[in-house]
Every structure is written in structure tokens, then in C-alpha cells.
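Worksheet for the structure shown next.
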Amino acid sequence: MNYELKGKFIVLDGPDGCGKSTQAKLLAEWINQQGIETSQFRDPGTTAIGEQIRHILLNPEHAAMCTRTELLLYMAARAQVWVECIKPAMEAGKCVILDRWVSSTCAYQGFAGGFGVDNVIKIAADCLERTWPDMTIILDVDLQTAAPRMKATLDRMEQKGVDYHAKVRQGFLSLADKQKNIFILDASADIDSVHKKVVKLVESGRVAV
Ligand code: TMP
């Protein structure tokens with residue numbers, strides 16, 4: 001193996017319905033098969049505190065929530081999953097796979113929500129121990145492809161409408177030009193084809209050293 005995944009931090013991200021949770025699970029299985037232990041977490045969530053924050057964020061009754069509140073709550077959940085889960089797993093030499101991270105806040109609150117991507121990055125740098133993972137894989141899909149992949153009942157973020165979600169996608173696409181170690185993959189094909197592309201990218205040795 002000409003790449004080293006022990007103690008690395010890999011994020012799968014993308015618009016709602018891109019299939020990242022399925023792909024995160026398949027990638028973890030593949031890395032395990034290579035003899036490297038993995039830990040998989042979701043952001044926001046995973047910790048007891050993070051899951052409560054997630055519930056507040058996604059509850060459709062909280063329609064009044066402004067972008068700044070969203071941003072701070074996502075960052076708070078992230079600070080907690082870092083200290084409780086990610087950092088200890090990396091220190092134990094595991095390869096950590098995250099479902100979403102700061103890239104989501106850049107695309108949703110920064111780009112689609114109008115807070116500004118650079119402002120998000122500044123705040124992340126100030127309040128997180130680690131802003132960027134070793135590799136971020138953005139699974140890109142258009143809204144038509146994403147729709148049937150989503151659950152029937154939409155949460156507060158998913159209810160934001162077509163214009164917002166078109167901007168989210170644009171926000172993700174523009175991140176790869178801004179930040180190194182972010183890669184865009186077309187995720188419109190079937191699960192197995194997308195998994196093969198994800199593995200190829202991880203195997204390419206482009207996970208930051
Ligand atoms: P999930 O269902 O993919 O776990 O994500 C929860 C929702 O929260 C999803 O609609 C994307 C949104 N989100 C943000 O708006 N900002 C963020 O920073 C993160 C992590 C997620």
C-alpha cells in the first residue's frame with residue numbers, strides 16, 4: 001500500500017441526498033478490509049450533546065432559527081464530537097470517517113445562507129482544534145438525482161427549498177478551488193460505481209500526509 005490511512009481523518013460530504021452516509025459505511029468497510037481499524041461518526045451528532053443539538057437544528061418547529069444560530073450550533077456539536085470521539089480515535093491510530101464537517105457549514109450557512117464562506121472558515125479556525133480533515137470527498141449530485149434518495153419526511157434544513165439547495169450545491173463545488181485536499185466526485189451513478197470512485201480516490205495516495 002503506497003498510502004497510509006492509520007490516524008487519518010476523512011470526510012464525506014455533499015448536498016442532501018448525495019448518498020454520503022451509504023458511501024461512508026462502504027468506505028469504512030473497505031478500509032477495514034485493508035487491515036486498518038476505522039471509526040465512523042456523524043456531524044452534527046454522535047455524542048449525547050451533539051445529538052441534542054442536532055435535534056434542535058433539524059426540528060421543523062424551529063423555523064425562526066437564523067443563519068448565525070445555525071452556524072454556532074453546528075460548530076458547538078462539532079467541538080464536542082472532536083474532543084469525545086475524533087481526536088481519541090485518531091490518537092489510537094484509527095482511520096476516522098466523518099459524515100459531514102466544516103465543508104457543510106461553508107456550503108450551507110456560508111454560501112447558501114449568505115454568512116460568507118471565509119467568515120465560516122475564520123470562526124471554525126477560532127473555535128475548533130482542527131478545521132480541515134486530511135481528505136474531504138464531496139459527492140456531487142443535482143437536485144433531481146438527490147430527491148428520490150431522501151427520506152419522505154423532510155427536516156428543517158431539507159425544507160429550505162429548491163433555490164437554497166441549488167446554492168448549497170454551488171457552495172460545495174466552489175470549495176474545491178478554495179481549499180486543498182477537497183475533491184469533487186460525481187455521485188449520480190449507482191451505489192457500487194460511486195463506491196469504486198471513492199476507493200480509487202482514497203487509494204490514489206492523495207490523503208494529506
Ligand atoms: P445529515 O442529515 O446529512 O446528517 O445533515 C443534517 C442537515 O444539516 C443537512 O440538511 C445538512 C445540514 N448541515 C448544515 O446546514 N450545516 C452544517 O454544518 C452541517 C454539518 C449540516
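Remember, it's 1-based here, ligands and their atoms both numbered in the order they're listed. Just the heavy atoms: all of them, side chains too, but no hydrogens, waters or symmetry mates, feed the values below.
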### Task
For the residue pair Phe9 and Trp82, categorise the inter-ring angle as parallel (less than 30°), tilted (30 to 60°) or perpendicular (more than 60°).
tilted
### Query
Is the number of heavy atoms from other residues, nucleotides or ligands within 6.0 Å of CD (Glu29) greater than 12?
yes
### Query
When you look at CZ of Arg68, are more than 12 heavy atoms from neighbouring residues, nucleotides or ligands closer to it than 6.0 Å?
no
### Message
Check this for me: Ile191, atom CD1, are more than 12 non-hydrogen atoms of other residues, nucleotides or ligands nearer than 6.0 Å?
### Response
no
### Message
Against the six-membered ring of Trp101, is Arg78 placed for a cation-pi contact (under 6.0 Å from the centre, within 45° of the normal)?
### Response
yes
### Task
Kindly tell me which protein residues have any non-hydrogen atom under 4.0 angstrom away from an atom of ligand 1, grouped by chain and ordered by number?
Asp16, Lys20, Asp43, Pro44, Arg54, Leu58, Tyr74, Arg78, Arg100, Ser104, Thr105, Tyr108, Gln109, Met157
### Query
Looking at Lys25, Gln40, Lys20, which one forms a side chain to side chain donor-acceptor pair (under 3.5 Å) with Asp99?
Lys20
